[in-house]
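Everything on this sheet refers to the single structure shown next.
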Number of protein chains: 2
Amino acid sequence: MDIVKRGAAALGAIGTVQKKSAATRERVLDAAARIFREHGYAATTLNDIADAAGLKTASLYYHFGSKEELVEEVLRIGTTLVLEAVKSRLAQLPADASFRDRLKVAVHAHLDTLLSLTDYTSADIRIIGQVPADVRARVWPLREEYGEIWQGLLQFGKQTGAVRTGADLGLMRMLILGTLNYATEWYKPGRKPVSAVAEEATAMILGGIGTAP
Amino acid sequence: MDIVKRGAAALGAIGTVQKKSAATRERVLDAAARIFREHGYAATTLNDIADAAGLKTASLYYHFGSKEELVEEVLRIGTTLVLEAVKSRLAQLPADASFRDRLKVAVHAHLDTLLSLTDYTSADIRIIGQVPADVRARVWPLREEYGEIWQGLLQFGKQTGAVRTGADLGLMRMLILGTLNYATEWYKPGRKPVSAVAEEATAMILGGIGTAP
DNA sequence: TCCATTTTCTAACTAACATTAGATAGAAAT
DNA sequence: ATTTCTATCTAATGTTAGTTAGAAAATGGA
């Protein structure tokens, strides 16, 4: 399985032997994630997706009830992938890991997922603002769950004195996630490795860009 | 003129007496900026815009040659407004102003423009990734011009020793602008003033969220 | 007030798009 | 080999969206 296109299969692989419909469904989701990510929801036609998946448009309806159902699934996979990545990387740290180490790991996991491992998460972040409102409402709880991981991390930082006082943690969280998420708009593979971006982002988040005043 | 909807008029006001077509054109652009910002380019129909501007759809063609021409104008106005705001606020500083003060002013001007003064700039930032490629290519030079202001600011910071060494200024710039720009996705007026967001963003950019290690 | 110009409207067009229904082909089970 | 089920296709539908052309209404100047 192609690591760059981790997505549907990573979440729901039945085993080595896969039903034909599951394989096709995965192909469709992969194509959808990529094209939604590039062109947005509204400008992506079902024919674009079908072509990329090697089907005719109407065949998509065997696997998904509607365009909305398809995009909702892409969004769920996208959020789930980054949530699992960050959570699992954090869980691998020793129990006495510092806030700085935890933040570093979370930033790396987030950006790895977003910028190199999968189209789903970047599709999620790029199009969530423009999918139909009912779709967005349905996937919102999952996104909030992901936000809670970061909120918990910042809370830990505050309790251990590693995060400066006086700041609104909610606002801080939004700024941090914004810093990371906007990378989907400008990052181009090839010029710099994701790890370099993650390093610089971590440094900026933790210590800013300035020298001591 | 409504300050919240600064846009076309702010850039091209002829004087107190305005031709009818200029007034209508402005109404159309204002409506377009708002709706493109909310719904994206592809999901916004010309009928949505016409309704909001108080015209019938086909009348838009008297003022703009196409949907593409209309969105291109919105993008230009959006970028121009934030560019002028940041540049003019920086120009008002004393010649010996510190890097910290300059950065603070630039962040405030950027976020003021983006989050409260006009729909155009936030429309620009939210939809630039999804407009037709030829439109994006045509407005790209103007966006680069805006980026150069920030690059110059960071260069100044580096030269004066106010920006830590060893970092790639281009990457730093993208992360900073990303932090600011993503606020269009999450900021909701009413909960917190823009100035509070700008203060926190400035603090994070300059000194990070951490306490001294 | 009249007339030329400007601005908007109506009517129509074409292509595109999401979706449906039934037919067909492929795959699996017996 | 046959039957049943699964998966995809073809053909069609209805709606919508961007656009065009000409008619009608509004505006402004003399």
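Computation of the quantities below employed the complete heavy-atom set of this structure, encompassing side-chain atoms and omitting hydrogens, waters and symmetry-equivalent molecules. All chains are named by letter (A, B, ...) in the order of the sequence lines, taking the proteins before the strands, and each is independently numbered beginning at 1. Everything numeric here is computed off the predicted structure, so don't read it as measured data.
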Reading 5' to 3' through nucleotides 10-16 of chain C, protein heavy-atom contacts under 4.0 Å coded B for base, S for sugar-phosphate only, - for none: BB-----
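Annotation: His110(B) is in aromatic contact with Tyr146(B) [ring centroid separation under 6.0 Å].
Of the candidate nucleotides dG18(D), dC9(D), dT8(C), dG18(D) has the atom nearest to the side chain of Leu46(B).
Here the P atom of nucleotide dA25(C) and the CG atom of Leu55(A) are 17 Å apart, to the nearest Å. Rounded to whole Å, atom P of dT20(C) lies 11 Å from atom CD of Glu69(A). The CG-C1' distance, from Asn47(B) to dT19(D), rounds to 13 Å in whole Å. We find that CD of Glu68(B) is positioned 17 Å from P of dA17(D), with the value rounded to whole Å. Distance, Lys67(B) NZ to dT16(D) P: 15 Å, rounded to whole Å. For Leu60(B) and dC9(C), the CG to C1' distance is 12 Å, given to the nearest whole Å. Atom-to-atom, CZ of Arg25(A) to P of dT8(D) comes out at 13 Å; the value is rounded to the nearest Å. What separates OH of Tyr62(A) from P of dT24(C) is a distance of 19 Å, to the nearest Å.
Phosphate proximity of dT7(C) to Thr24(B): absent, as no side-chain N or O sits under 4.0 Å from OP1 or OP2. Listed pair Ser21(B) / dT7(C) meets the phosphate criterion, a side-chain N or O lying under 4.0 Å from OP1 or OP2. A close approach under 4.0 Å does occur between a side-chain nitrogen or oxygen of Lys20(B) and OP1 or OP2 of dT8(C). Listed pair Ser66(B) / dG18(D) fails the phosphate criterion, with no side-chain N or O lying under 4.0 Å from OP1 or OP2. Between His63(B) and the phosphate of dT8(C), there is a side-chain N or O to OP1/OP2 separation shorter than 4.0 Å.
Taking both residues in full, the closest heavy atoms of Glu69(B) and Gly65(B) are given as OE1-N, 3.1 Å, listed atom of the first, atom of the second, then distance.
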Salt bridge (charged side-chain N to carboxylate O under 4.0 Å, His left out) evaluation trace for Asp168(B) with Arg173(B): CA-CA 9 Å; Asp168(B) 173 342; Arg173(B) 169 171 62 112; over 6 Å; no
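Asp124(A) and Thr121(A) share no side-chain donor-acceptor pair at under 3.5 Å. Side-chain contact of Thr179(A) with Thr179(B): a donor-acceptor pair under 3.5 Å is present, judged by distance alone.
In this structure the side chain of Val82(A) never reaches within 4.5 angstrom of the side chain of Thr118(A), judged on heavy atoms. At least one side-chain heavy atom of Lys67(B) sits less than 4.5 Å from a side-chain heavy atom of Tyr41(B).
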